[in-house]
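Here's the structure we're looking at; comments come further down.
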Amino acid sequence: MTTNGSDPERTQLREKLELAFQQLCLAETRIRGLAGRAGIEPEVIELADPPWQGSPAADEGSRRGADVPRDDVPEDAVPDHADEASWWTADRAARPPPLTPRPGWACSTLAGQPVRIVGISVRGFDGPRLRRVVAMIAGQQQRGRSFVPVFLTDSPDAAVFEEYGYAYEYLPGDDRRHAFPWIPDWGAYLARRRRMVERKWNLAEVIVFGTSEFGR
Amino acid sequence: MTAERHADDDILSLRLPVGTQDGAPALRPAPAVREPPRPPALVETDVAFLADFSVVGESAWRIEAETRIQAQSGYDTVFIHLANAAPDAPPDARLNPMLAGCLDAGIARPVDPAATAVRCRLLVLHQPDLLFDRLLDGGTETVPRILADRVIAVAGEPATADAARRRARRDAMLRSLFGPVLSWMEPAGAAGPGTECWTPATWLVPGRRPGLRHRPVIGCIVPPVRGWFVPDRHGIGGYGASGHDAGTAGLPPGVAGLDAALHALTLPGATAPPPPWQEIGADRMDPVRFIGTVDILVPPAWSADPVVSDHAVAHALVRGIPVILPPGLRPRFGDGPIYAAAEAVAPTLRRLLGDAREYRSTSLASARIARRTMGPDGHRARLHALTGVVPRPLGPERTARGRPSRTRRILFTGAGDVGLGHLTRLLAVARHCGAAAAPVFACIGPGLRIVEQAGYPAEFLTPGRHVFDDTQAWNAWLGAQFEAMLDAHDPAAVVVDGSTLHDGLVRAVGRRRGCSLVWIRRAMWRPEQANGPLLARERFCDLVVEPADLAEACDRGHTVAHRGHAIRTEPIRLLDREDLLDRTRAAAKLGLDPDRPAALIQLGAGTNRDVARLIDAVLAALARHREIQTVIADWVSAPAAPDLWPGIRRVRGFPLSRYFDAFDLTVSAAGYNSFHEILAFGLPALFLPNLHGAMDDQRARAAFAQAQGCAFHLDEPDPAALDPLLDALAQPKVRALLRGNCRRLARPNGAPAAAAAIMDRTVMDRTIMDRI
């Protein structure tokens, strides 16, 4: 994290970082191309085999689906007013001011600049598809230099965002619903989290890729 | 509404419209607006509290305690707020978190006095002087519309002759406003002849069984003042004080040298106490929670009449926490506390802290007495007398959210986002918590996939390096996110692994009750990191667990002096021997020939050192040994790196140690988890420690292993030094020698003991009240 500084040395460092990242991307592309033409394919073995699996809650949820024991919440439970401004507890949570996301390595000089923060919802995207979307957004950002993206994802693989130097937010997808059997209203829970994300980054808008939207 | 000022009165004397004097419910005069008046909504309730709910101090304690007892007894309660009534109240004052907790729990309802009238059996009016200030400013139009069968006004000033005269005039006004049956009560300790006392009463807080903490804590609450809860610019809770000097805490006489921590909770306006007191601001820890973290409560000064919170004493005693007071306070507090003159304080403390049985019997005896005099029964009895409503038998609070959860969820989170060390230890502990606990993970940064593959639910927290703002701004949102998670998952404990406890996390957990804070703090901090102040944060924890380090004889870090403050366990490992795949299966998974030697290169995530250069040097040295198959470990938390070494197999996954038997040697960093796994499973190694300033003392570990004959150590992969070491490791006899020496250092896995300590010491059963 850095403080908001505009001194020449810092600007110069960010410019170098931008250039270095762009050159690195180019070098990686060339290396892959050369290796491919030489018939050398990378051999990466993915291991996903922990010796144990499951927690009591997750096991219970997966076995019983929606019919899992949960706290005895009456029908007329007090609605969650954590985000509502009730008349005399208005804004009692006193949310802190929004954060500024890192702009990404390819546009490091946008750090601290007054550009729009845009949410990019990539719910349902993973692996190569996700990588293509991130690359596309990065390309647009480099051309226009008018926004900083914050990716909104349900993929637990965050490597691509780290690679590009972007901030991201994660919400579990519906396929992970069973891991949280104690949450009575999954939709409301996701919606609250989304509202928090929007406030946290002061998102100017959310652009949705795919058919379902982050937090909805 | 018209008013006349009488020259000999210090307050407006109001001529009331006909209709109120006979007790009929004419709740407010006709408004001076042109629109036809809308009839107010009407709320009926058993007990209504009328006060400024942003105020911090004894009245807030009192209201919360009584509200909880009422909820446990089946009474309905509403809060009617006098916003910013006092002239010196800050405009941005917010609801006191203690009282907000009552609303969040659904055991009290807020009422809008501008739009709602209240009909109640009992109105309890705290700080009536505030109400009169309001009347002075705005007249009766600003007064909430309440009609009560019975009114109790708890005086906010000592019972003097002047106060008695003022009270006589205010008495008539209150009767006309709220109801004809009115009683004045003095707060405890202020009652004089002919006056009644509204004695403090506290509810039974479910909590840990009486018994000394691992490292005893002596606590005090520095005198409260009239202050208000005001968030700071980052939205983190702070306090504004009224300007009154509340003083500070002195040291109990003779306690210097006692092997106990001294924690002082400072309320608004209080000055930070001098060392050896460790200050805990009330914006970082809820006062009731604070009391639950101490073993003995003492007053902030040993004078004849120190300022002591009635409710703090009541809370402590009822929970079985001994309270030591000067003898002069006996008339006020009765037989529950221990009374000691100044010269007797130190011997009393030594006696209690030095003998666990003595401590337990004292705490049980004090609690039995206190529950008779300061427990919920006194308040229940007076409620019955005042309202005519029979309280139901005490039970868990009936809240709108149902009964407290029986599931002991535990929230695990790492303090850092470099590598997977913190997450690995947390997974190791979670794995051994057993079926009684349901782990949930909050990952700061990478690790989500690993947690989900392990079968646990995972949440995400933004790492600091994702934001451009300063640390305070990031901490504010970290705290907000934690609060949201704590609300959603309601864990019984939060377990943090790391070298620091972030402020946002401390505040979020500190303000909650029934949620313990556990710090898993591995040692081997680099002495030049000057992390001493971070260690002081252990005062916010209910438990500190320090897993041993095989190299701890070489530890020069700041945690060494704090070993006695923590429960120590054997080194924590994620896997045990039986979790490893045998050589044949492991080699098959990795595509290796089990009949040829194999080397694993695992040098870390590469986020703070140039692992590519190191790998390159190692591969060049290993290339001289064509019989050795080489595998490079890609860190799962790192972005996919370009394939710079075509023809060399790469493996990506977690936990890699499961496949150790496929390898004959490794070139590895010396982080805690890799180091202990390599030695525990006897994998011959060359350690290339990560020397980055932010890391732990990996060089010391590597040097230790070499000194013990268990491994080789090299700081820099200089070919002149690297080649002979790898030549040696290529020799089966050398590897056999290293393996044998590793077996000599073998120690059990500390993860089960850490899990047991967490479950036993901190996870409270919140559905069962203490049975003392």
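Residue numbering restarts at 1 for every chain, and letters A, B, ... go by the order of the sequence lines.
Neither the backbone nor the side chain of I450(B) comes within less than 4.5 Å of any heavy atom of chain A. For a residue to count as touching a neighbouring chain, one of its non-hydrogen atoms must lie under 4.5 Å from one of that chain's; by this rule P103(A) does not touch chain B. If you measure heavy-atom distances from E578(B) to chain A, you find no contacts under 4.5 Å at all. Only the side chain of P655(B) comes within less than 4.5 Å of a heavy atom in chain A; its backbone stays farther off. Contact annotation for Y166(A): only backbone heavy atoms (N, CA, C, O) come within less than 4.5 Å of a heavy atom of chain B. For chain A, the nearby part of L656(B) is the side chain; its heavy atoms alone come within less than 4.5 Å. Only the side chain of V440(B) comes within contact range of chain A, with at least one heavy atom under 4.5 Å from a heavy atom of that chain. In this structure, the portion of Y189(A) lying under 4.5 Å from any heavy atom of chain B is its side chain and not its backbone. For a residue to count as touching a neighbouring chain, one of its non-hydrogen atoms must lie under 4.5 Å from one of that chain's; by this rule L574(B) touches chain A with the side chain only.
Put simply, of E46(A), E169(A), K200(A), the one with the most heavy-atom pairs under 4.5 Å next to chain B is K200(A). Heavy-atom pairs under 4.5 Å with chain A were tallied for D579(B), I632(B), L580(B); the largest tally goes to D579(B). Counting heavy-atom pairs under 4.5 Å between each of I31(A), V44(A), D157(A), I45(A) and chain B puts I45(A) at the top.
Summarising the geometry of H466(B) relative to A167(A), their closest heavy-atom pair is ND1-CA, 3.7 Å, with the distance given to 0.1 Å. For the pair E452(B) and P156(A), the tightest heavy-atom approach, listed with the atom from each and the gap, is OE1-CG, 3.5 Å. Nearest approach of A488(B) to I183(A), heavy atoms of both residues: O-CG1, 4.3 Å. Here the closest heavy-atom approach between residue Y168(A) and residue F460(B) is recorded as O-CE2, 3.1 Å. Summarising the geometry of L47(A) relative to L590(B), their closest heavy-atom pair is CD1-CD2, 3.9 Å, with the distance given to 0.1 Å. Heavy-atom minimum distance, W182(A) versus P457(B): CH2-CG, 4.0 Å.
Side-chain contact between W477(B) and R199(A): present, with at least one pair of heavy atoms (C-beta onward) separated by less than 4.5 Å. A 4.5 Å side-chain heavy-atom check between F468(B) and V148(A) finds every atom pair outside the cut-off.
E43(A) pairs by the side chain to side chain donor-acceptor pair (under 3.5 Å) definition with R649(B), not counting sequence neighbours. Residues forming a salt bridge (charged side-chain N to carboxylate O under 4.0 Å, His left out) with E198(A) (at least two apart in sequence, or on another chain): R194(A).
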### Worked verdict on R449(B) versus D126(A) for salt bridge (charged side-chain N to carboxylate O under 4.0 Å, His left out)
CA-CA 12 Å; R449(B) 173 69 82 189; D126(A) 204 346; 3.5 Å; yes
